[in-house]
2 protein chains.
Amino acid sequence: MKQQIRLLGIDDSPFTFTEKYATVIGVVMRGGEYIECVLKNQVEIDGDDATYICKDMIENTRHRKQLKALLLDGIALGGFNVVDIEEIFCSTHLPVITVTRDKPDFDKMEQALKKNFIDWEKRLTLIKNGVIHKVETSHNPIYVKCAGIDIEGAKEIIKISTIRGVVPEPIRVAHLIASGITRGESYGKA
Amino acid sequence: MKQQIRLLGIDDSPFTFTEKYATVIGVVMRGGEYIECVLKNQVEIDGDDATYICKDMIENTRHRKQLKALLLDGIALGGFNVVDIEEIFCSTHLPVITVTRDKPDFDKMEQALKKNFIDWEKRLTLIKNGVIHKVETSHNPIYVKCAGIDIEGAKEIIKISTIRGVVPEPIRVAHLIASGITRGESYGKA
């Protein structure tokens with residue numbers, strides 16, 4: 001696989017529950033080293049438009065044709081605004097890879113969803129959909145889900161785009177921008 | 001000089017003259033390859049707070065102690081909100097380097113300033129202050145001003161932090177972010 005592969009990383013901004021929308025930042029990178037483009041949009045906090053917004057970012061960037069995969073920090077943006085990664089792949093034909101540092105705790109999520117959402121079963125089904133792969137790294141393991149690409153292909157893309165630590169650069173940089181523009185200075189890890 | 005030198009690049013967002021403020025983005029990078037931090041602030045369009053905002057970004061980032069230079073896209077932010085680079089160096093002891101692709105046209109600036117500002121002479125003096133060095137590159141030449149560092153040191157920092165083209169990455173990335181968060185997708189060159 002080429003080292004200069006074009007990847008889109010998406011992450012959301014930190015928010016408080018007094019707000020209605022969370023900012024969503026997309027970053028198009030060549031491999032893990034060169035930023036091509038920065039995109040901005042927003043999702044409703046705990047809404048259901050995250051899948052649509054991801055598809056919109058993919059379809060409307062002028063880098064669309066060069067993109068080889070979408071990298072997401074977990075399976076939701078703006079709280080429990082769950083991303084349907086199978087739907088994104090089916091609709092755009094762009095492979096999707098989600099990466100998290102922590103193993104998803106489905107019991108905890110189910111409790112939170114039941115308490116706050118009438119359509120909790122629908123959201124939980126989306127969250128649980130697909131296989132979570134534990135991927136060992138030279139640091140801590142990461143947890144990876146993919147749509148439209150097998151885990152070996154996903155691991156290769158993650159390896160190409162990770163410079164330091166365990167988080168691929170398109171996700172890490174999207175996180176830094178989303179956090180920095182919201183708080184004034186970026187903090188924390190994707 | 002170390003390749004991993006920490007640099008702060010600052011650029012402003014595009015704006016229209018119906019707006020009062022322009023967003024200012026700061027990016028802390030190691031050399032030209034690794035983004036450490038993203039900062040956000042704002043300046044008044046055609047105001048006189050750009051010098052203060054640059055000093056504030058320098059002094060208040062948690063990366064302050066590691067910073068080796070400030071890189072600026074030209075000598076002003078938010079229109080004719082001119083940055084006093086000597087004042088920034090005297091006050092913070094951080095060397096400042098400004099980079100532009102085009103040779104400053106002082107006559108044109110003087111006309112624009114005279115037409116729009118009572119304090120045009122003060123702004124023009126600040127703009128004209130110091131020596132502009134024409135620096136040859138493998139592409140087009142760039143025009144460089146420095147405070148607190150000689151041109152040889154500035155050229156070395158520019159060389160370390162430029163990956164493609166002629167614009168150092170901390171400025172190029174600050175431009176992409178400022179442009180992307182304002183327009184939805186980043187456009188143009190710093």
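Here is the naming used below: chain letters follow the sequence lines, and residue numbers restart at 1 for every chain.
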Give each N or O donor-acceptor pair spanning chain A and chain B at a distance under 3.5 Å, with atom names and distance to 0.1 Å, or state none.
| from | atom 1 | to | atom 2 | distance (Å) |
| --- | --- | --- | --- | --- |
| A:Q4 | OE1 | B:R164 | NH2 | 3.2 |
| A:Y34 | OH | B:R172 | NE | 3.4 |
| A:Y34 | OH | B:R172 | NH1 | 3.4 |
| A:I35 | O | B:R172 | NH1 | 3.0 |
| A:I35 | O | B:R172 | NH2 | 2.8 |
| A:V38 | N | B:S186 | OG | 2.8 |
| A:V38 | O | B:S186 | N | 2.9 |
| A:K40 | N | B:G184 | O | 2.8 |
| A:K40 | NZ | B:I181 | O | 3.2 |
| A:T61 | OG1 | B:E185 | OE2 | 3.0 |
| A:R62 | N | B:E185 | OE2 | 3.2 |
| A:R62 | NH1 | B:E185 | OE2 | 3.1 |
| A:R62 | NH1 | B:S186 | O | 2.8 |
| A:R62 | NH2 | B:S186 | O | 3.2 |
| A:R164 | NH2 | B:Q4 | OE1 | 3.2 |
| A:R172 | NE | B:Y34 | OH | 3.4 |
| A:R172 | NH1 | B:Y34 | OH | 3.4 |
| A:R172 | NH1 | B:I35 | O | 3.0 |
| A:R172 | NH2 | B:I35 | O | 2.8 |
| A:I181 | O | B:K40 | NZ | 3.2 |
| A:G184 | O | B:K40 | N | 2.8 |
| A:E185 | OE2 | B:T61 | OG1 | 3.0 |
| A:E185 | OE2 | B:R62 | N | 3.2 |
| A:E185 | OE2 | B:R62 | NH1 | 3.1 |
| A:S186 | N | B:V38 | O | 2.9 |
| A:S186 | O | B:R62 | NH1 | 2.8 |
| A:S186 | O | B:R62 | NH2 | 3.2 |
| A:S186 | OG | B:V38 | N | 2.9 |

- Item | Side-chain hydrophobic cluster, 4.5 Å single linkage: members besides B:V27 |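 Noted: B:V27 shares its cluster with A:I25, A:V27, A:M29, A:I35, A:V38, A:V173, A:L176, A:I177, A:I181, B:I25, B:M29, B:I35, B:V38, B:V173, B:L176, B:I177, B:I181.
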Is [Y] reachable from [X] through a run of I, L, V, M, F, W or Y residues, each pair having side-chain heavy atoms under 4.5 Å apart?
X: A:I97; Y: A:L72; answer: no
X: A:F89; Y: A:I58; answer: no
X: B:I45; Y: B:F117; answer: no
X: A:I151; Y: A:I5; answer: yes
X: A:V166; Y: A:V135; answer: yes

